[in-house]
Amino acid sequence: MMSGFIRIIFILLFLFSASIIAEAQFDPTTPSGRSKNEPLPQNIKETLAKKQIEENKKEYEELIKRGEAAVKMSKDLQKSFAKHSKLTEQDQNKLKDLEKLLKRIRKDLGGGDDEVEPEEKPTSMDNALNALKDTTENLYQEIKKTSRHTISAVAIKSSNTILYIVKFLRFGK
């Protein structure tokens, strides 16, 4: 009876020590069991770098597409105003969309939510629409000049100016 009890204790002690040794070899801090301090293999680093480069290129291409869309919207608004001598409800919706688009462009460029008044404030709707078109085209050209690794203060300032003009057109202020 005593030898059976000693065997059970010996087996439990053996299993306990084996589990401690196994736990010491396996680090649960990462899914693979590797320590966080252990460097990643070179091929994994290269794959992650390639993925990051592809993602940056995609974001830059989307920024350029947004710039093109903003230019198109501003030209459409100017043509519509020339045709109707006022901004229609559809034009007002375009202005809202243009404002959202420009806020996204400004965010992507690294700008904040600064409310900046332009040096030359528009005095009339026609004047504001001309300034909108010109400034939007300048913004698009500036976006195309920059690389995906740079922040253009000129482009951010242009986007702030355009947002001011859009608010002037939407609210008449």
Side-chain angles (χ1 to χ4, degrees), residues 11-79 90-119 129 131-170:
I11 291 172
L12 289 174
L13 185 63
F14 176 75
L15 291 173
F16 180 71
S17 61
S19 69
I20 289 176
I21 292 171
E23 189 175 326
Q25 291 177 349
F26 179 77
D27 185 2
T29 57
T30 62
S32 65
R34 269 198 339 261
S35 172
K36 287 184 178 181
N37 298 335
E38 189 176 326
L40 292 171
Q42 186 64 28
N43 62 346
I44 293 177
K45 287 181 185 178
E46 289 172 359
T47 303
L48 290 173
K50 286 179 184 176
K51 198 172 248 185
Q52 184 67 38
I53 289 169
E54 289 174 9
E55 188 175 309
N56 288 345
K57 282 182 183 178
K58 183 180 175 186
E59 288 174 2
Y60 181 69
E61 289 170 0
E62 288 174 2
L63 179 63
I64 289 179
K65 286 180 184 175
R66 286 188 197 103
E68 289 173 353
V71 169
K72 183 181 181 319
M73 288 174 140
S74 66
K75 287 180 179 178
D76 290 348
L77 286 166
Q78 190 177 34
K79 288 177 185 174
Q90 187 179 18
D91 294 336
Q92 290 292 335
N93 290 334
K94 247 184 208 176
L95 280 170
K96 287 179 190 176
D97 294 341
L98 181 60
E99 184 176 12
K100 288 178 189 175
L101 187 64
L102 287 165
K103 285 181 179 180
R104 179 67 194 260
I105 289 172
R106 182 177 62 185
K107 180 182 172 240
D108 290 348
L109 289 171
D113 291 335
D114 305 342
E115 293 295 326
V116 179
E117 292 188 19
E119 296 163 4
L129 286 165
L132 177 69
K133 183 182 80 64
D134 293 342
T135 311
T136 307
E137 287 174 347
N138 290 340
L139 172 65
Y140 176 63
Q141 293 304 319
E142 188 63 34
I143 289 172
K144 286 186 359 183
K145 285 182 197 175
T146 62
S147 72
R148 64 182 190 269
H149 304 290
T150 59
I151 296 175
S152 171
V154 174
I156 294 169
K157 184 178 177 184
S158 295
S159 65
N160 286 331
T161 301
I162 296 167
L163 284 168
Y164 180 85
I165 295 169
V166 167
K167 286 181 182 177
F168 174 84
L169 290 168
R170 285 186 61 205

Exercise. Looking at CG of D91 and NZ of K94, how far apart are the two atoms once the value is rounded to the nearest 0.5 Å?
Worked result: 6.5 Å
Exercise. Which atom pair, heavy atoms only, marks the closest approach of A155 to L139?
Worked result: O-CD1, 3.2 Å
Exercise. Say you draw a straight line from CG of L132 to CD of Q78; how long is it, rounded to the nearest 0.5 Å?
Worked result: 8.5 Å
Exercise answer: donor-acceptor pairs, residues 41-53 side-chain atoms, under 3.5 Å, sequence neighbours excluded:
unit_1	atom_1	unit_2	atom_2	d
T47	OG1	N43	O	2.8
Q52	NE2	N56	OD1	3.3

Seminar exercise, completed: In terms of heavy-atom contacts, L101 and A69 come closest through CD2-CB, 3.8 Å
For this session: Name all residues meeting the side-chain contact (heavy atoms from CB on, under 4.5 Å) criterion together with K75; count only those two or more places apart in sequence or in a different chain, and write none if there are none.
Result: V71, K133, E137
Problem set entry | Reported CG-to-CD1 distance for the pair L169 and I162, which is rounded to 0.5 angstrom | 11.5 Å
For this session: Using the test side-chain contact (heavy atoms from CB on, under 4.5 Å), find all partners of K96 that sit at least two apart in sequence or belong to another chain.
Result: N93, R170
Exercise. Does K144 have any side-chain contact (heavy atoms from CB on, under 4.5 Å) partners at least two apart in sequence or in another chain, and if so, which?
Worked result: Y140, Q141
Exercise. With K72, which residues qualify under side-chain hydrogen bond (donor to acceptor under 3.5 Å, both in side chains), at least two apart?
Worked result: D76
For this session: Would you please name every residue forming a salt bridge (charged side-chain N to carboxylate O under 4.0 Å, His left out) with K100, sequence neighbours left out?
Result: none
Problem set entry | Listed partners of E62 passing side-chain contact (heavy atoms from CB on, under 4.5 Å), at least two apart | K58, R66
Exercise. Would E99 and K103 satisfy salt bridge (charged side-chain N to carboxylate O under 4.0 Å, His left out), going step by step from the backbone distance to the final call?
Worked result: CA-CA 6 Å; E99 184 176 12; K103 285 181 179 180; 3.8 Å; yes
Problem set entry | Distance in Å, R106 CZ paired with I156 CD1, rounded so as to fall on 0.5 Å steps | 9.0 Å
Exercise. Could you give the distance from OG (S158) to CG (L102), rounded to the nearest 0.5 Å?
Worked result: 10.5 Å
Exercise. CG of L63 to OG1 of T146: how many Å apart, nearest 0.5 Å?
Worked result: 6.5 Å
